[in-house]
Structure formats: structure tokens, C-alpha cells
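One structure coming up, written as C-alpha cells, with questions to follow.
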Protein chains: 2
Amino acid sequence: MQKDLSTEERILSAAQKVFLAKGMDGARMQDIADEAGINKALLHYYFRSKDKLFEEIFLKVAASFLPKIFQVLNTDSSVFGKIESFCDEYISQIVKTPYVPIFILNEINRQPKTFLKKVFGSNKPPVEKFFKQISEEVQAGIIKPVEPFHLLINVLSLCVFPVLASPLIQLVGGLNNEQFNQMMERRKKEVSQLIINSIKT
Amino acid sequence: MQKDLSTEERILSAAQKVFLAKGMDGARMQDIADEAGINKALLHYYFRSKDKLFEEIFLKVAASFLPKIFQVLNTDSSVFGKIESFCDEYISQIVKTPYVPIFILNEINRQPKTFLKKVFGSNKPPVEKFFKQISEEVQAGIIKPVEPFHLLINVLSLCVFPVLASPLIQLVGGLNNEQFNQMMERRKKEVSQLIINSIKT
DNA sequence: GTCTATATTCCGATAGAC
DNA sequence: GTCTATCGGAATATAGAC
């Protein structure tokens with residue numbers, strides 16, 4: 001409970017924390033009220049219903065997370081540079097907010113059309129420019145012939161999955177939380193090198 | 001509703017379907033009863049509570065899924081052979097039951113210690129033999145020096161993540177379900193080649 | 001705006017007839 | 001074993017005082 005913030009801000013902050021930890025179905029309005037240091041009635045005063053409050057949070061979280069995936073891909077670096085930046089920035093981001101990816105995947109799985117439409121609108125995520133750049137660098141002989149779509153999926157998978165499965169991975173490797181984070185730190189280079197080595201001529 | 005099965009089997013089948021689709025928190029006993037073609041009271045007659053029924057399903061699903069990850073790693077093939085078999089078999093399995101991975105990750109995230117302990121008992125997943133084999137093949141000059149733990153994480157990530165994020169990936173690639181499955185089929189070779197190329201001398 | 005108290009709905013679980 | 005009916009509690013939401 002942060003007393004310096006406005007009530008509305010405290011509610012949003014508390015709701016985000018609770019929804020991220022428990023998901024829409026597992027979260028209770030009482031939990032959120034407790035976390036914000038207020039009572040349930042006030043939640044309904046500010047946001048009409050649990051659904052409305054959840055949607056507010058989901059869109060905020062998803063909009064600040066998903067587009068970042070594609071942002072790096074639209075800078076004006078080389079393909080190699082983009083891959084390195086992506087691994088570096090995205091793993092940093094994910095390790096800081098480890099609940100976010102599974103939260104988003106979950107709610108997308110339950111409401112595939114509704115939510116994705118609200119996040120991206122009617123346009124597809126902006127990957128065309130990146131795919132085109134890859135084709136050009138293939139033509140120029142800088143990188144080997146490669147499926148751009150698979151390349152994108154590979155990088156994403158290698159960065160995000162370990163966090164999604166962290167309890168399992170920590171069990172297999174016998175890692176505590178700090179050791180896991182150190183492993184993810186090393187992984188920035190591990191992943192970008194793996195991908196870059198696979199495509200450089 | 002399958003009339004040829006015993007009531008208990010019908011309940012288990014219905015419960016699995018509903019729990020996989022909605023998770024523990026989102027599932028309703030009424031949903032399960034409807035799916036099984038019976039009424040709520042009978043659910044409680046066969047399984048004392050929702051918790052007990054869920055645990056039954058979770059352990060069944062997790063026990064038939066997680067150990068398979070490590071099973072291939074303990075055959076007597078070469079490292080290359082194991083990687084190929086793994087990608088082939090695991091992707092086939094996942095595409096057939098796409099709800100399973102996110103279901104398991106979700107419930108593990110909410111009950112990290114309880115459930116993992118029940119699935120694996122007190123032992124760690126059996127990866128030591130595989131890790132040792134990798135060290136030996138590195139010594140023998142068959143494969144490049146490599147972190148066995150990262151190698152395992154890489155293969156797992158590349159196989160499982162695309163299914164976890166399938167709604168997003170289908171949106172980015174403009175793929176319908178059938179096209180997605182075809183892409184996953186091609187991915188069996190894509191992934192094993194990527195990994196094998198990265199370690200062969 | 002914020003609270004207490006209460007209405008309302010939903011859901012897991014049980015009682016009891018057949 | 002299976003059903004209908006119902007209990008009891010929990011959770012969302014509202015009413016109304018301050």
C-alpha cells in the first residue's frame with residue numbers, strides 16, 4: 001500500500017499485482033482491496049466490475065509488453081545487431097517481470113480473438129520490414145538462406161520459454177532464484193550466438 | 001458423453017477436458033457434470049471434492065507428459081540421435097495435445113512445490129546420464145564444448161514455446177490451425193538441425 | 001470519496017428419496 | 001448408483017450513511 005499515490009493509482013497497482021499472480025479466475029476483489037488498503041466497495045466505485053478492472057490491467061500489461069517484441073526489429077541496425085539487442089533487452093525485461101509472459105499467454109488462450117484484437121487493433125504485428133531485411137541480407141550474401149518466420153520464432157522461444165518454465169528448470173538444474181537469474185544473464189549471449197552462428201555465412 | 005464407458009471413466013474424461021481448457025480456477029463442477037452427462041452430486045459421490053478430482057487429473061496429465069521429456073534422453077543413442085528423436089516425438093505429442101503444456105506450467109506456477117513433488121517424488125528428473133554423455137562426446141571430439149544444461153533448455157524451448165504462444169504466432173504469420181500444424185511438422189527438422197549444427201565439430 | 005452493511009448470485013458440497 | 005432438492009459459504013455487486 002503506497003500512501004503517496006491517488007486511490008485510483010493504488011487500485012490499479014494492487015490489481016496488477018494480484019491479477020498477475022493469480023490470473024483473472026484466481027484473483028478475488030477482496031485480495032485487491034486488501035493489497036490497495038481499501039475496501040471492496042471502493043473498487044466498484046472506481047471500476048464498475050471485476051471484468052472492467054481486469055480488462056484495464058490486461059490491456060495495460062499486454063500493450064507494454066507485446067509491442068516491445070517487434071519494436072527492436074524496426075530499428076535500422078543489421079540483422080545481427082537486432083538479434084543481439086533483442087536478446088539483451090527482452091531477457092532483461094522478462095527477468096524483471098517474470099509473471100507477465102504466462103499471464104498474457106493464459107488470457108490470450110482463454111480469449112483468443114477478443115484480447116488480441118484489442119491489443120493490436122486490426123493490423124498485424126509489424127514484422128514485414130524485418131522479414132524483408134532478412135531477404136535482402138540473404139541476397140547480399142551476408143547471411144545464409146533462412147526462413148524469417150522460423151528465425152523470429154526461434155529467438156522468441158529461446159528467450160521467453162525458460163522464464164515460463166522456471167520452476168521446472170530450477171528443479172532440473174537445482175538452481176535457486178539468484179542462480180536462475182544469473183543463468184538468464186549468461187543466456188543473452190548464449191542465445192544470440194546460437195542464432196547468429198546458425199545464419200552467418 | 002461416451003455411453004460405452006463406465007461412469008467413473010466418463011467423469012475422468014470430462015474432467016480432463018474441462019480442466020485442460022479452463023484450469024483449476026476457471027473450471028466449474030457443473031461444466032464437468034454436463035460434459036460427462038451426469039449431475040453434480042455424482043461427481044462428489046465418486047471423488048470427494050473438486051480438489052481431489054483436480055489432483056487426480058493433474059497427476060495423470062503431468063505424469064504422462066513431463067517424464068516423457070527425459071525418457072528419450074535415457075535411451076542408448078548418440079547425442080545427435082537423441083536430439084532428433086526428441087524433436088520428432090515431442091513435437092508430435094504436443095501438437096496432438098496442445099492444451100497440456102500451458103495447463104501444466106500454470107498449475108506448477110501456482111503450486112510450485114506441492115505438485116512438482118508429487119510428480120517427481122523426491123528425486124530430480126533424470127538428466128545426469130545425458131549430461132555425462134555430452135561431456136564424453138565432447139572429450140571424444142564428436143561435439144563442440146557445450147553447456148549441457150543450456151542445450152537441454154534450448155531444445156525444450158524451441159519445441160514447446162511455439163505451441164504455448166500459438167494464438168500469437170498464428171496472428172503474426174497469418175496461419176490457420178492446419179497451416180500452423182504443418183509449420184510445426186517442418187519444425188521437427190528445423191529445430192534438430194539448428195541444434196545439431198551448433199554443436200557438431 | 002469512503003465506509004459498513006446488505007443484497008444477489010454462484011458454486012461446492014450434502015441430504016435423502018428412489 | 002443416480003437423481004432432485006437444498007444447504008452454506010464465498011464472491012461480486014449495490015444501498016445508503018457519513
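Here is how names work: the chains are called A, B, and so on, in the same order as the sequence lines, proteins then strands, and each is numbered from 1. Because the structure is predicted, anything quoted here is derived from the model rather than measured.
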May I have the distance from A:Ile38 (atom CD1) to C:dT4 (atom P), rounded to whole angstrom?
->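 So the two atoms are 12 Å apart, to the nearest Å.
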Working for side chain to side chain contact (heavy atoms under 4.5 Å, CB included), residues A:Phe80 and A:Ile199 = CA-CA 9 Å; A:Phe80 292 166; A:Ile199 60 173; 3.7 Å; yes
Nearest to the side chain of A:His44 - D:dT2, D:dT14, C:dT14?
->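 Per side-chain heavy atoms of A:His44, the pick is D:dT14.
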Counting side-chain heavy atoms from C-beta on, which of D:dC3, D:dA13, C:dG1 comes nearest to A:Leu42?
->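 From the listed options, C:dG1 comes nearest.
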Salt bridge flag under 4.0 Å for residues B:Glu55 and B:Lys118 |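 Here B:Glu55 pairs with B:Lys118 in a salt bridge, since their nearest N and O are under 4.0 Å apart.
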Can a side chain N or O of B:Asn39 be found less than 4.0 Å away from OP1 or OP2 on D:dC3?
->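 Answer is yes, contact under 4.0 Å.
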For A:Cys87 and A:Val155, work out which heavy atoms get closest and say how close.
->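 It is SG-CG1, 4.1 Å.
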Can we say A:Lys22 and B:Asp25 salt-bridge, meaning some charged N sits less than 4.0 Å from an Asp/Glu carboxylate O?
->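 No salt bridge links A:Lys22 with B:Asp25.
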Which residues in residues 23-31 of chain B have at least one heavy atom lying under 4.0 Å from any atom of DNA chain D?
->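 Within residues 23-31 of chain B, no residue comes under 4.0 Å of DNA chain D.
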Stepwise, does the side chain to side chain contact (heavy atoms under 4.5 Å, CB included) test hold for B:Ile153 with A:Met183?
-> CA-CA 11 Å; B:Ile153 294 177; A:Met183 188 272 284; 3.8 Å; yes
In terms of side-chain heavy atoms of B:Lys50, which of D:dC3, D:dA13, C:dG12 is nearest?
->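 Nucleotide nearest to B:Lys50's side chain: C:dG12.
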Going by the angle between their ring planes, with limits at 30° and 60°, are B:Phe131 and B:Phe149 parallel, tilted or perpendicular?
->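 The arrangement is perpendicular - the two ring planes meet at more than 60°.
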Rounded distance (Å) that lies between atom P of C:dG1 and atom CG of A:Leu5 =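 Answer to the nearest Å: 15 Å.
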Measure the distance from CZ on A:Arg48 to P on D:dT14 and round it to the nearest whole Å.
->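 To the nearest whole Å, that distance equals 7 Å.
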Starting at the 5' end of DNA chain C, which residue's closest nucleotide do you reach first, A:Lys40 or A:Tyr46?
->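 This one resolves to A:Tyr46.
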Give A:Tyr45 one of three labels, base, sugar-phosphate or nothing, depending on what nucleic acid heavy atoms sit under 4.0 Å from its own.
->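 Counting heavy atoms under 4.0 Å across all strands, the contact made by A:Tyr45 includes a base.
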Given atom CD1 of B:Ile32 and atom P of C:dC10, what is their separation to the nearest angstrom?
->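 So the two atoms are 19 Å apart, to the nearest Å.
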What residue among A:Lys129, A:Glu136, A:Glu128 forms side chain to side chain contact (heavy atoms under 4.5 Å, CB included) with A:Lys132?
->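 It is A:Glu136, the one option of A:Lys129, A:Glu136, A:Glu128 that forms the side chain to side chain contact (heavy atoms under 4.5 Å, CB included) with A:Lys132.
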Which residue, A:Ala41 or B:Thr7, contacts DNA chain D at a nucleotide closer to its 5' end, judged by nearest heavy atom?
->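 Its nearest nucleotide being more 5', the pick is B:Thr7.
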Round to a whole Å and report the spacing from CG of B:Leu53 to C1' of C:dC11.
->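 Roughly 15 Å, once rounded to whole Å.
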